[in-house]
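I have placed the structure first, in the form of structure tokens, so that the comments after it can refer back to it.
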Amino acid sequence: MAGVARETRRSGAPEARLAARRSPICGAGKRPRMNDLEILTRNAVDVIESTDLKKRLDHAASKGRKLRVKFGMDPSSPDLHVGHAVQLLRLRAMQLAGHQIVLIVGDATAMVGDPSGRNKLRPQLTREEVEKNLVTYQEQAARVLDMSKTEVHRNSEWFDKMRFEDVLRLAGKATVARMLERDTFEKRMEAGEAIGVHEFLYPLMQGWDSVMIRSDVEIGGTDQLFNLLVGRELQEKEGQPPQICLTFPLINGLDGRKMSKSYGNSIGLTESAGEMFGKVMSLGDDVMGAWFRLLTDVPESEVTALLAGHPRTAKARLGEEIASFFHGRDAGRAASEAFDRQFRDRELPSDIPEVTREWPADGVPLAVLLRELGLAPSSSEARRTVEQGGVKLDGEVQRDPKFVVQRPAAPLLIQFGKRKYLRVR
RNA sequence: GGGGAGAUUCCAGAGCGGCCAAAUGGGCCAGACUGUAAAUCUGGUGGUUCUCACCUUCGGCGGUUCGAAUCCGCCUCUCCCCA
């Protein structure tokens with residue numbers, strides 16, 4: 001199904017730099033052709049409508065007309081994670097291929113709250129909260145996209161100008177029956193959960209965004225299909241060619257649930273290489289294949305071979321690929337090595353922070369010390385961990401939370417649980 | 001407008017006058033084991049200078065009682081059925 005067309009080459013300095021710096025994932029530095037269906041739709045679950053997409057891509061390639069590719073970000077939670085990366089990587093491929101990426105920051109829609117995948121009424125955000133998240137969002141998107149070539153809009157640009165009359169007109173473009181077809185609404189109805197009337201407006205707003213920016217393609221997670229399709233319908237009603245909808249798999253979080261910052265099971269795009277690597281290593285063996293295919297550029301034949309081999313080796317490779325994409329090869333490798341030293345070889349990490357504190361003459365009980373150093377959130381928590389043998393002082397397990405620690409002559413090494421290390425003096 | 005059900009600790013969900021800081025499962029934390037921060041098994045999981053005791057918590061505010069998450073009143077929010 002790979003598109004057969006001659007390569008259209010052109011040189012663009014900033015693009016080249018970006019490609020060089022972060023080559024490993026999408027297209028390994030090779031810029032995809034504008035109509036390379038294979039690369040642009042890799043991993044896609046739904047492609048609506050694929051013949052139309054092919055046609056438009058070919059047209060774009062021959063006329064040199066960029067397609068406008070829309071991606072909406074909901075600034076209601078302030079962090080992007082690797083789950084978003086699945087889609088961002090496709091956008092990046094499109095961008096490298098020469099298409100125009102249009103990011104919509106859904107500041108107006110965020111005040112409604114996307115009902116997708118929710119079994120709960122979402123709290124509506126205030127303007128201030130949205131503003132704050134918006135800034136960090138763009139910084140994070142810049143980890144994957146060349147923002148200098150990316151168009152960014154807030155949808156408040158047009159929604160703020162609408163009067164109630166306009167809202168009614170928009171609302172009139174959909175029917176309740178149509179809205180209720182949506183699986184999340186259906187499930188919530190069945191489960192007897194709350195559905196706010198304003199939530200029906202969400203898909204319409206997102207769809208209206210497509211009309212306003214005249215998108216050719218919109219990308220989203222599989223849970224976005226309904227919203228994307230509404231965009232198509234609205235565009236048709238407004239006399240525009242309906243956008244192509246591409247959906248990509250949602251990636252599960254570290255614990256198998258949907259990846260979300262609020263579940264604490266995500267890997268954020270701005271996390272350190274060490275953090276990323278370690279979190280990947282905590283994945284269950286059975287999801288490695290999906291992660292390889294969705295988040296790395298490792299060829300299928302190699303993935304198959306890795307999965308057939310030792311899971312530990314495969315997972316380490318996965319972690320290294322992911323950490324390398326965001327932080328460079330060297331950092332990725334370093335993270336992998338540091339992990340091996342700490343967890344496989346059980347050596348101490350090389351970068352143990354050291355703190356200095358005040359010591360009363362008669363010392364400090366261990367549990368209190370741990371809390372004061374911030375290793376434990378409360379002294380009860382500290383006590384439990386100590387009693388369970390989770391705390392080592394200079395390498396020795398200390399099971400007595402009341403053990404009094406005196407001012408140490410040399411910095412005292414404290415190991416709290418598996419991951420927290422600290423030296424105090 | 002009428003009738004019914006419900007709001008519990010991070011989440012789901014028991015409890016229905018004292019034995020409740022509150023079952024169980026998930027998550028999380030620790031330990032054992034290991035190939036890893038996988039899997040599995042074990043323990044822990046409100047706070048307090050802590051095995052006792054005390055303090056805060058079961059939508060909100062009051063009340064009944066020696067004693068309430070549990071009973072009563074009002075309030076807020078949600079769901080269902082009927083109109």
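Order of the sequence lines fixes the chain letters, A, B, ..., with proteins taken first and strands second; residue numbering starts at 1 for each chain.
Contact annotation: Ser379(A) reaches the phosphate of U48(B) (side-chain N/O to OP1 or OP2, under 4.0 Å). Distances shorter than 4.0 Å separate none of the side-chain N or O atoms of Thr385(A) from OP1 or OP2 on A30(B).
Remark: the Arg346(A) side chain and the U34(B) base include a donor-acceptor N/O pair separated by less than 3.5 Å. Between the base of G35(B) and the side chain of Asp340(A) there is no donor-acceptor pair shorter than 3.5 Å. Side-chain N/O atoms of Gln388(A) and base N/O atoms of G43(B) include a donor-acceptor pair closer than 3.5 Å.
Each of G44(B), A37(B), A38(B) was ranked by its minimum atom distance to the side chain of Arg384(A); first place goes to G44(B). Here the side chain of Arg371(A) is nearest to one of A37(B), U49(B), G35(B), namely U49(B). Comparing U48(B), C29(B), U49(B) against the side chain of Val368(A) picks out U49(B) as the nearest.
Look at the C1' atom in both C16(B) and A68(B): the space between them is 10 Å, to the nearest Å. Spacing between U8(B) and U34(B) at atom P, rounded to whole Å, works out to 44 Å. The C1' atoms of G46(B) and C10(B) are separated by 12 Å, rounded to the nearest whole Å.
A cation-pi arrangement is found for Arg357(A) relative to Trp359(A), the charged atom lying closer than 6.0 Å to the ring centre and inside a 45° cone about the ring normal.
Shown here is Asp345(A), whose CG atom has more than 12 heavy atoms of other residues, nucleotides or ligands within 6.0 Å.
Across all strands shown, Gly389(A) has heavy atoms under 4.0 Å from sugar-phosphate atoms exclusively, and none from any base. Within the nucleic acid shown, Pro311(A) comes within 4.0 Å of at least one base atom, counting heavy atoms only.
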